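Each remark here refers to the structure printed beneath this line.
Bear in mind that the values here come from a model prediction, so they are computed numbers and not experimental data.
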Amino acid sequence: MSWAAHLTILPVLIPALAGPLALLAMLRRRVLAVGIGLASLLSLLACALALLAEAGDGTIRSYALGSWPAPFGIVLVADRLAAMMLVLTAVLALIAFSHAVLTRADRKGWHFHPLFQFQLMGLNGAFLTGDLFNLFVFFEVLLIASYGLMLHGQGAGRLKAGVQYVVVNLVGSSLFLIALGILYALTGTLNMADMGLRVAAVPAADQGLLRIGGLLLVSVFALKAAVAPLHLWLMRTYAVSTPAVAALFAIMTKVGVYSLIRVVPQVFGEGAGAAAWVPAPFLLPAALASAVIGFAGVFVARSMAEQAAYAVIGSTGTLMIAVAGWSAESLGAALYYLVHSTLAAAALFLVADVAARRRGSFGDAASPGPAFAGRGTVALMFMAAAIAASGLPPLSGFIGKLLILKSVAVLPDWGWAWGVILCTTFLGVVGFARVGSAVFWKSADCEVPPAPATRHDLAAPAIALALLAAWSVGAGWASGYAGAAAAQVLDPAQSVRAVLKDAVS
Amino acid sequence: MTRRLLPHPGLSVLLVVMWMVMVGEVSFGALFLGIVFGIVVPIFTAPWWPGRPRVRFVPALSYAGIVLWDILVANVEVAWIILFKRTRDLRPAWLAIPLELASPEAITVFAGTISLTPGTVSADVSACGRYLLVHALHAPDPAAEVTKVKTRYEARLKEIFSD
Amino acid sequence: MSTATFAQWLVSALIVIGGSFALIGSWGLVRLPSLMERLHGPTKATTLGLGALLVASVAWFHLARGTWTTHELLVSVFLFMTAPISANMIAKVHLHRLRQHEPTAPAGPAGTPAPPPGGVDWATHEVPHRGTPGDFVGD
Amino acid sequence: MAVALTLLTLVLLPFAAALAIALLHGSPRAVHSAIAGGASAGGLALLASLSGPALGGGAIPQASWSWVPALGLDLALIVDPLGWLFGLLILGIGLLVVIFAHAYLYKDEDTGRFFASLMLFQGAMLGIVIAGNVLLLLVFWEMTSLASFLLIGFWQHKAEARQGARMALAVTGGGGLALIGGMVLLGLAAGSFDLRAILASGDVVRASPLYPAILTLVLIGCFTKSAQFPFHFWLPHAMAAPSPVSAYLHSATMVKAGVFLLARLWPVLAGTELYTVTVTSVGLVTMILGAVVALFRHDLKSILAYSTISQLGMLVMLLGFSLEAAAMAAVLHILNHAAFKAALFMSAGIVEHETGTRDIRRLGGLATAMPITAVIATLAAASMAGLPPLGGFISKELMLYQTPKLALFGVAWLLPVLATLGATFSVAYSLRLALHLFFGRPREPEPFARAHDPGAGMWGGPALLTALAVLLGLVPMSLAAPLVAAATGAVTGGATPVVELALWHGLNLALALSLAAVIGGMLLMGLHHRLLAAWERAPLPDAKLLFDLVMRFADTWVRKAIVATHTPRLQIMLFVTFAVTALLVIDGAMSGGVLTGARTGIPASVPGIVAWVLLIGATAAVVNDSANRLRVLIYISVIGLVVSLAFVQFSAPDLALTQISVEVVTVLLLLLALNLLPKNPPNISSVPRKWADAGLAITGGLLVGGIAWAMLTRDPGPSIAAYHLANAKPGGGGTNVVNVILVDFRGFDTFGEIIVLGIAGLGIFALLDTAAIGAAGARLRAWRDEMPRSPERHPMMLVAASRIILPLTLMVGIFLFLRGHNQPGGGFIAALVVAIAFLVQYLAAGFDWSDARKPFGEHQLIGWGILAAWATGVGAMLLGADFLTSWFDYFSLPLIGKFELASAMLFDTGVFLTVVGAVILALAQLSHVSQRAARAAGTAEGGQP
Amino acid sequence: MIEGALAFGFAALGLALAMNLWRLFKGPGVADRILALDTMVINAIGLIVLIGIASDSATAFEAALLLAMVGFVGTVAYAKFLLRGDIIE
Amino acid sequence: MTYEFMVASAIGVLVGAGIYLALRARTFQVVLGLTLISYAVNLFLFASGRLVVGRPPIWDAGVSEYTDPLPQALVLTAIVITFGMTAFVVILALRSFLETGSDHVDGDKVPCDRQDGLGDAPQGDGGQETRL
Ligand code: NA
Ligand code: NA
């Protein structure tokens with residue numbers, strides 16, 4: 001077996017190696033840990049890109065762990081969607097990592113680098129696995145790592161928020177296990193593809209139970225994705241996290257979205273009886289509410305980080321509006337927008353950090369502060385990030401929203417969807433303009449803090465913005481890929497063929 | 001060298017026996033592994049047991065036999081008290097037993113024996129280490145009880161733990 | 001009497017004895033007047049109860065099934081080693097609370113133990129003197 | 001190809017200039033203005049090169065590159081006569097504005113930012129007018145809002161600049177969002193987003209049920225941008241911008257975008273009753289309103305702003321007629337208005353620049369001090385007033401000529417009369433502007449004393465524009481007719497009309513109305529003092545106050561709502577989570593199926609029932625007694641014990657072992673934590689909350705219990721576990737199927753699981769490491785344990801016993817580890833047992849004494865453990881198998897006999913090391929912190945140990 | 001016959017556990033509760049042994065072994081907590 | 001009474017009690033609630049393999065009937081993970097209490113919080129650079 005055959009598992013194995021190595025190295029030399037982290041990230045990016053290239057033609061790679069055939073062992077499945085998420089994760093991780101290192105945020109506590117690697121391992125595993133229980137395990141890996149990262153730097157605010165974040169997620173994990181128990185009890189399998197086949201055979205007397213299982217699973221994903229009303233945990237958690245970490249967390253809610261997109265068509269598709277398209281009646285209203293709440297939060301936010309956190313909720317809502325369409329077109333739009341909103345949220349958090357660093361004691365509060373060094377440049381970056389996050393042209397948020405508008409126009413409730421998307425954009429624009437003008441235009445009569453020694457802190461947000469620009473310029477290819485990924489997800493037969501091979505006759 | 005390799009030889013023997021009991025089969029392979037672990041584990045745990053009490057093997061065995069018998073009897077006695085003795089007839093008492101034993105290990109075994117045997121429970125040691133506080137469930141004559149315990153157990157333990 | 005019947009008899013008897021002693025121990029826990037008296041029940045009656053059950057088990061698997069199970073022995077060893085420690089610690093808690101005049105820790109019929117002769121106190125109330133067996137960790 | 005390149009260059013040039021200026025931010029002003037001017041001039045040249053094909057009626061220059069095919073968004077560019085006309089205005093006036101701004105801007109101003117923003121705006125504006133795809137048009141449309149935000153807010157230190165910028169962004173950007181909706185709907189209705197295709201499908205669109213929605217949304221977009229009533233209020237506040245910006249944005253470009261779009265979509269949208277009535281009446285109202293207000297403003301730029309509103313109203317009204325001739329009038333007036341209004345804004349800028357004020361009440365008689373400016377501004381104002389022989393006259397005539405052709409609301413005279421009224425006020429404010437500014441006596445000495453004409457750099461541009469305004473009246477046929485004709489044709493989408501432009505049309509109604517307007521205007525001017533007094537007494541609504549009120553209201557209440565619902569309260573988060581889940585479960589349960597299945601139950605034994613009572617009782621006690629924390633832990637131990645017994649009873653020995661050992665570690669952990677937590681916290685939940693929580697809790701319990709019941713009473717179907725049972729021994733080399741699943745079939749889960757535990761250990765370490773410093777450290781130093789303590793730290797019997805228990809327990813751990821593959825046990829359980837053995841040491845002999853003797857570091861154990869598991873998996877890869885593929889074989893050695901070696905053992909070693917490391921790390925750290933706390937307290941007590 | 005004995009054994013241990021529960025709830029002192037829990041563990045070991053005999057399987061014995069081994073750790077920890085607050089110092 | 005009913009009802013009671021405690025305002029009570037819920041969840045997941053007496057999943061040549069081993073493996077993994085998470089949340093709650101002086105779940109000050117001798121320490125932001 002050649003090494004190329006192991007490509008699928010490398011995104012999990014690389015950080016799983018780099019994590020302990022960084023741990024052991026960190027006890028001695030930080031530079032070594034940074035080097036290990038960087039090497040890991042670069043090789044992760046290379047692997048993810050290679051997988052993307054492989055998946056581009058529609059090939060679905062399946063990797064049987066321990067060589068046990070599916071559905072008896074655990075399989076990893078690398079299709080277009082998984083590859084896309086892996087690339088996004090790697091890119092985002094590079095941005096967050098470089099910001100942490102350049103701003104020395106990684107020194108503000110123990111174990112930043114191992115935790116960061118384990119976080120990536122959890123994310124990549126969640127994106128790759130084709131097994132429902134294994135998904136739970138990777139959820140836990142990424143969660144426990146996120147607890148550590150979220151608390152990085154500590155302080156009362158983070159600790160308070162941390163308690164809430166952890167407790168809510170523990171409840172989520174419990175719900176996940178209950179859902180898994182129900183589904184295993186009914187289908188006798190854990191492999192997603194296999195379960196998708198077996199749900200059709202669930203007898204009439206068990207339909208209620210099946211639907212309950214599906215709904216519980218979906219509610220767990222919604223909790224992770226911070227879909228209203230299960231979003232309450234997010235704001236403070238993200239707003240108080242170390243900004244480099246918050247930037248990385250931009251993808252955490254997307255794990256929930258991803259899982260929903262992955263599991264619902266695969267397991268709860270047409271043939272699932274009472275559980276067919278299980279979240280259908282609830283998803284659109286919840287998505288609309290999320291978008292409204294999120295952008296209302298952006299509208300009234302009193303600090304840049306708080307605003308960014310609300311923007312995450314709003315963008316998830318927007319994204320979910322598209323997901324609720326469950327068509328190749330709307331799901332494609334959702335995936336395009338998913339990448340965009342992840343990068344945009346990261347950019348917002350990072351710019352907020354840059355501003356806070358340079359404004360001294362004024363932090364990122366939306367109130368007039370000193371005319372700090374490099375204000376024009378930072379203002380421009382904020383504007384770009386805000387344009388992206390609110391969905392104004394020319395950045396990809398606009399294209400994403402257009403894609404969503406167009407694709408949901410066929411839904412019966414399209415009027416609501418449109419109204420909410422357009423009105424929330426308005427709220428976002430006004431909110432960002434207000435905060436931006438307060439922070440970057442208005443000056444308070446106060447001592448100007450010293451200019452930072454370096455301008456390194458601008459690098460990571462600049463990369464994020466550049467990527468957003470690239471995502472806009474390359475929107476043709478990107479939306480095409482996203483659409484193809486969506487189509488592949490919506491045709492579970494493809495992954496059934498790839499995963500179960502001859503096990504299914 | 002022997003001290004290094006076998007910091008607690010008695011313990012090593014005990015561990016090998018224990019291993020054989022756990023494995024539940026008599027084979028050279030099992031014995032081999034048992035001996036390996038019986039040597040390695042005490043070396044590993046030696047830092048946590050810096051003292052090296054010497055134990056005489058034969059008296060220890062006979063002591064164990066006596067104690068086992070006493071346990072049997074004690075249980076019946078206590079059962080009898082629990083079932084049939086009225087509370088107002090019960091004569092519980094605190095006994096302060098002067099200790100002749102000096103090593104903590106020996107005192108512990110003594111106290112443990114007292115706890116396991118007729119109607120007595122070791123509750124505490126004095127701050128100076130010379131008295132053992134024992135609670136007796138039914139001791140109409142506390143002094144006799146003290147004497148009995150000292151002669152039956154402590155004397156034997158002195159022999160077992162003597163250097 | 002065949003081996004099998006003997007086995008049946010023996011095991012049955014041991015089970016009944018074991019069960020009875022366990023029950024008596026727990027009954028003592030219920031009926032005896034104060035903590036120190038109750039402490040006698042579990043540390044003794046139950047050990048024999050359990051011992052009988054463990055012997056029953058060894059006998060059953062050997063006589064009826066022809067296999068030696070020996071883990072029961074280990075169970076007893078561990079119990080005999082740990083039961084006095086548990087009792088000791090619980091007694092210490094009682095002594096401590098007695099000294100603190102904790103209302104939920106009444107003295108019981110034996111009263112409060114007098115300090116040992118020689119002007120010292122029990123270890124629960126006074127730091128064990130250096131160099132004595134009670135000060136064990138210093139070595 | 002050449003055309004394509006030209007088009008692309010045309011649209012990219014301003015952006016390139018913006019980028020260049022931004023990059024050369026630190027360079028002197030001349031560089032910035034040179035780049036900006038050069039780009040504008042270059043654009044003009046490119047545009048000129050396209051004039052032949054664009055206006056000649058031949059093949060219209062267009063090019064298209066695919067951008068987002070999935071969306072139908074192409075980078076399509078097209079220069080038709082309408083686009084060309086607007087391009088000319090954008091670039092031409094842009095060039096003049098650049099020149100003007102170069103002279104106008106003060107010394108220390110950030111010209112880099114100014115010109116970069118200006119060029120950004122120019123590019124966006126140009127993009128709007130030459131976009132060949134409506135989605136692309138939207139891109140540029142919103143970009144103009146953003147760029148204008150930057151330009152209006154250029155003087156960011158001024159509050160009115162910031163507010164004006166935000167208001168403009170809110171209104172035009174918000175309108176743009178409506179436009180997005182309208183345009184996407186339009187595209188969906190027309191089946192394409194290509195402009196030409198859309199323009200060709202007017203009938204389809206107008207017949208579509210979506211038409212009213214499309215029209216409404218598009219009109220909102222146009223009206224907001226072009227400051228039509230009731231969206232007009234942002235424009236006056238945008239006057240906080242520097243005058244060059246106003247001259248550019250509010251004469252020829254930004255505000256004209258709405259008019260442009262109305263014109264652009266004329267073939268698709270115009271002609272219906274709805275369209276005509278709406279657009280005409282909105283335009284009419286705006287025209288009159290703007291003109292009336294303009295008469296009573298005192299700020300020069302404010303007067304110009306309202307006049308702009310009025311003039312735009314006229315344009316909108318004309319387009320609303322849906323008549324070719326009206327469209328032609330509109331096109332001509334676009335040209336005229338651009339010329340005179342840009343000239344006027346620049347003149348206002350000059351006046352402000354040279355006198356230091358824009359308040360018309362402080363100025364007057366400036367003609368003597370600044371004659372050049374006076375001539376320029378007066379002529380431009382005359383054109384605005386529609387006086388002959390200037391360009392404004394001709395377009396106003398054409399407008400008035402059209403008014404009787406439409407009976408608005410069925411009343412034939414309504415339009416002519418009201419339009420004339422608007423024209424009357426236009427004459428009036430134009431006259432006032434010129435007269436009060438340049439003629440009469442100076443009202444205040446100070447501004448007048450300063451006043452003088454600026455250099456040619458500043459007046460050159462307005463002069464050129466005024467000359468244009470004059471010439472448009474004098475020689476309209478040669479100067480404007482071909483362009484107007486072509487553009488009109490482009491607007492209507494029909495054939496190019498024949499255009500007759502002349503000052504004299506003979507005696508007709510239009511002339512009469514025009515005359516009436518002039519006379520009326522003069523009359524109003526004469527009565528200005530009295531009218532002004534009346535106006536200022538009148539209770540008129542202030543749009544800005546209203547807007548601010550609305551915004552503040554929205555902010556306050558949205559903020560209140562968000563704060564009320566989103567203050568991070570864990571209790572609410574959890575309540576919502578549980579409640580939502582419960583509702584979903586109830587919804588699921590509604591969808592059919594039965595509660596109790598057909599599986600035969602297992603009758604319970606007596607101790608089973610007692611154990612059940614134990615569990616229920618202990619659980620109830622936990623809830624009932626939850627304030628007494630130690631007692632609660634004892635109850636928790638009972639629950640754990642019963643659960644372990646259940647696992648024993650229901651054939652799950654591995655689980656029982658795990659539960660038993662985890663239980664002990666959990667109790668130790670909770671006890672350690674409890675020591676530092678408040679011992680008897682008061683109750684802080686209100687009674688109603690308790691009842692609500694209890695209700696939810698009971699619901700949740702019933703639901704989950706019900707699901708469990710439903711599950712347990714159903715027979716299982718075929719499960720993949722059959723494969724595991726069949727292959728554990730032959731394929732996995734172990735008889736303990738659970739263990740083989742853990743280390744082999746699903747070893748990947750276990751791999752993740754040990755990482756979770758390892759990270760938990762690390763996270764706990766990171767949390768506790770800092771507990772001794774900062775606020776926590778201070779608190780720990782102040783820590784007092786109210787509980788009286790026994791002085792004895794290390795009870796002798798316990799210490800002595802722990803010394804022998806350690807090796808014995810380790811031996812058991814090793815045994816459980818080695819046999820785990822075949823019998824209950826395994827790495828995880830063994831690790832817990834070993835960890836407990838060490839914890840007993842800590843418990844008995846104290847942390848320092850025990851820890852000092854420990855030959856391993858927990859961090860290293862975690863790291864090496866994960867690495868060992870990793871390496872086991874990768875080892876398989878090196879041997880050519882998939883990750884974690886197991887290997888085992890049976891060997892035989894003399895004396896020792898047959899034994900098995902399996903890679904799973906190595907993997908399990910990794911599990912073992914990680915778990916030992918994580919558990920000890922967590923508990924030892926926690927104990928250490930309590931110890932530090934105790935030590936700090938002990939020191940305070942005066943040396944008591 | 002063995003069934004009868006087992007039934008008796010189960011019943012006795014069940015009753016014993018119930019008595020332990022009574023003491024657990026009744027107290028009065030926290031030491032009584034710890035003692036009740038300790039006794040419960042011992043009775044549970046007995047129960048496991050009986051289950052082993054009844055089901056003819058020795059697989060549960062490790063559970064008994066483990067309970068015997070670590071059961072006292074809980075008791076000691078509770079006691080240490082009450083004596084010192086800090087269970088590990 | 002069947003074991004099925006007992007297990008199902010025990011799960012229900014544990015979940016109910018767990019939810020109630022998780023909704024309380026003190027971190028320790030919340031931890032208790034989560035602990036009860038996790039017992040219930042482990043039992044629930046275990047129950048997905050149904051209840052079987054006397055057929056442990058230890059392969060033996062003569063035996064053909066076993067209980068379902070898979071849920072057991074899943075529960076084992078879940079127990080371990082839950083333990084790690086519980087340990088983390090306990091220590092986080094404690095740490096938050098030490099930092100803020102309040103054991104309220106939101107870190108709020110509540111009346112009587114000075115009862116335990118944990119006097120108000122000077123509030124710092126606490127974000128120190130560790131000695132790395
Ligand atoms: Na195992
Ligand atoms: Na637990």
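A distance-only check finds no donor-acceptor pair linking the side chain of D/Q571 to the backbone of F/D106 [under 3.5 Å]. Between the side chain of F/R55 and the main chain of D/F650, no donor-acceptor pair closer than 3.5 Å is present. The closest donor-acceptor contact from the side chain of D/W709 to the backbone of F/A8 lies at 3.5 Å or more, if one exists at all. Although no hydrogens or angles enter the test, the distance criterion places a donor-acceptor pair under 3.5 Å between the side chain of F/Y3 and the main chain of D/S605. Remark: the backbone N or O of F/V13 is not paired with any side-chain donor or acceptor of D/T619 at under 3.5 angstrom. Side-chain N or O atoms of F/T2 include none that pairs as donor or acceptor with a backbone N or O of D/I602 at under 3.5 Å.
Put simply, of D/V737, D/T735, D/D749, the one with the most heavy-atom pairs under 4.5 Å next to chain F is D/T735. When each of F/F28, F/F88, F/Y66 is checked for heavy-atom pairs under 4.5 Å with chain D, F/F28 comes out on top. Between chain F and the options D/T750, D/L757, D/L725, the largest number of non-hydrogen pairs under 4.5 Å is found for D/L725. If you tally non-hydrogen atom pairs under 4.5 Å between each of D/H724, D/R599, D/R689 and chain F, the highest count goes to D/R599. By number of non-hydrogen pairs under 4.5 angstrom with chain F, the leading residue of D/G705, D/A611, D/A710 is D/G705. In terms of heavy-atom pairs under 4.5 Å with chain D, the best-connected choice from F/V41, F/D60, F/V75 is F/V75. Of the listed residues (F/P71, F/A47, F/G84), the one with the most heavy-atom contacts under 4.5 Å to chain D is F/A47. Interface check for chain F: of the options D/P716, D/P603, D/A721, D/A760, the most heavy-atom pairs under 4.5 Å are formed by D/P716. Between chain F and the options D/L712, D/V648, D/T567, heavy-atom pairs under 4.5 Å are most frequent for D/L712.
Between atom OH of residue F/Y39 and atom CD of residue D/E663 there is a gap of 3.0 Å, rounded to the nearest 0.5 Å. To the nearest 0.5 Å, the span separating OG on D/S719 from CG on F/D68 amounts to 4.5 Å. To the nearest 0.5 angstrom, F/H104 atom NE2 is 9.0 Å from D/L570 atom CG. The distance from atom CG of D/L670 to atom CG of F/L32, rounded to the nearest 0.5 Å, is 7.0 Å. Between the CG atom in D/L767 and the OG atom in F/S96 there is a gap of 10.0 Å [rounded to 0.5 Å]. D/E753 CD to F/T77 OG1: the interatomic distance, rounded to the nearest 0.5 Å, is 4.5 Å.
Heavy-atom distances place both the backbone and the side chain of F/L23 under 4.5 Å from chain D. F/F44 touches chain D through backbone and side chain together, each having a heavy atom under 4.5 Å away. Of the atoms belonging to D/A918, not a single heavy atom falls under 4.5 Å from chain F. With a 4.5 angstrom heavy-atom cutoff, D/S626 touches chain F via backbone and side-chain atoms both. Both the backbone and the side chain of D/R714 come within contact range of chain F, each with at least one heavy atom under 4.5 Å from a heavy atom of that chain. Only the side chain of D/L633 comes within contact range of chain F, judged by heavy atoms closer than 4.5 Å. Contacts of D/A652 with chain F are made by both backbone and side-chain atoms, with heavy-atom separations under 4.5 Å. Contacts of F/L45 with chain D are absent, with no heavy-atom separation under 4.5 Å from either backbone or side chain. Residue F/V31 touches chain D through its side chain alone, counting heavy-atom pairs closer than 4.5 Å. D/R746 touches chain F through its side chain: at least one heavy atom from C-beta onward sits under 4.5 Å away, while N, CA, C and O do not. Contact annotation for D/P568: only backbone heavy atoms (N, CA, C, O) come within less than 4.5 Å of a heavy atom of chain F. Only the side chain of F/L21 has a heavy atom closer than 4.5 Å to any heavy atom of chain D. If you measure heavy-atom distances from F/L92 to chain D, the contacts under 4.5 Å come from both the backbone and the side chain. If you measure heavy-atom distances from D/F575 to chain F, the contacts under 4.5 Å come from both the backbone and the side chain. Only the side chain of D/V756 comes within contact range of chain F, judged by heavy atoms closer than 4.5 Å. Of the two parts of D/I720, only the side chain, counted from C-beta on, holds a non-hydrogen atom closer than 4.5 Å to a non-hydrogen atom of chain F.
The shortest distance between side-chain heavy atoms of F/L14 and D/L615 falls below 4.5 Å. Considering only heavy atoms from C-beta on, F/N42 stays 4.5 Å or farther from D/V643 through its side chain. At least one side-chain heavy atom of F/F83 sits less than 4.5 Å from a side-chain heavy atom of D/V919. F/Q72 has its side chain out of reach of D/F647: every pair of non-hydrogen atoms, C-beta onward, lies at least 4.5 Å apart. A heavy-atom distance below 4.5 Å is found between the side chains of F/I91 and D/L669.
Taking both residues in full, the closest heavy atoms of D/S651 and F/T67 are given as O-CG2, 3.6 Å, listed atom of the first, atom of the second, then distance. Taking every heavy atom of both residues into account, F/I11 and D/A708 meet most closely at CD1-CB, 3.8 Å. Between F/Y20 and D/V623, the shortest heavy-atom contact is CD2-CG1, 3.7 Å. Scanning all heavy atoms of the two residues, the minimum distance from D/I639 to F/L36 falls at CD1-CD2, 3.6 Å. For the residue pair F/M6 and D/A604, the shortest heavy atom distance occurs at SD-CB, 3.4 Å. Nearest heavy-atom pair, D/I616 versus F/A10, reported as atom, atom and distance to 0.1 Å: CD1-CA, 4.3 Å.
No side-chain donor from either of D/T713 and F/E4 sits under 3.5 Å from a side-chain acceptor of the other.
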message: With side-chain contact (heavy atoms from CB on, under 4.5 Å) as the criterion, how do D/V740 and F/W59 come out once you've worked through the C-alpha distance, each side chain's angles and the decisive distance to 0.1 Å?
response: CA-CA 11 Å; D/V740 177; F/W59 186 86; over 6 Å; no
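Ion pair D/D715/F/R50 not flagged as a salt bridge, since none of the NZ, NE, NH1 or NH2 atoms sits closer than 4.0 Å to an Asp/Glu carboxylate oxygen. Taking the charged nitrogens against the carboxylate oxygens, D/R779 and F/D103 have no contact shorter than 4.0 Å, which rules out a salt bridge.
For the side chain to side chain contact (heavy atoms under 4.5 Å, CB included) with D/L677, the lone residue among F/V90, F/L94, F/L98 that qualifies is F/L94.
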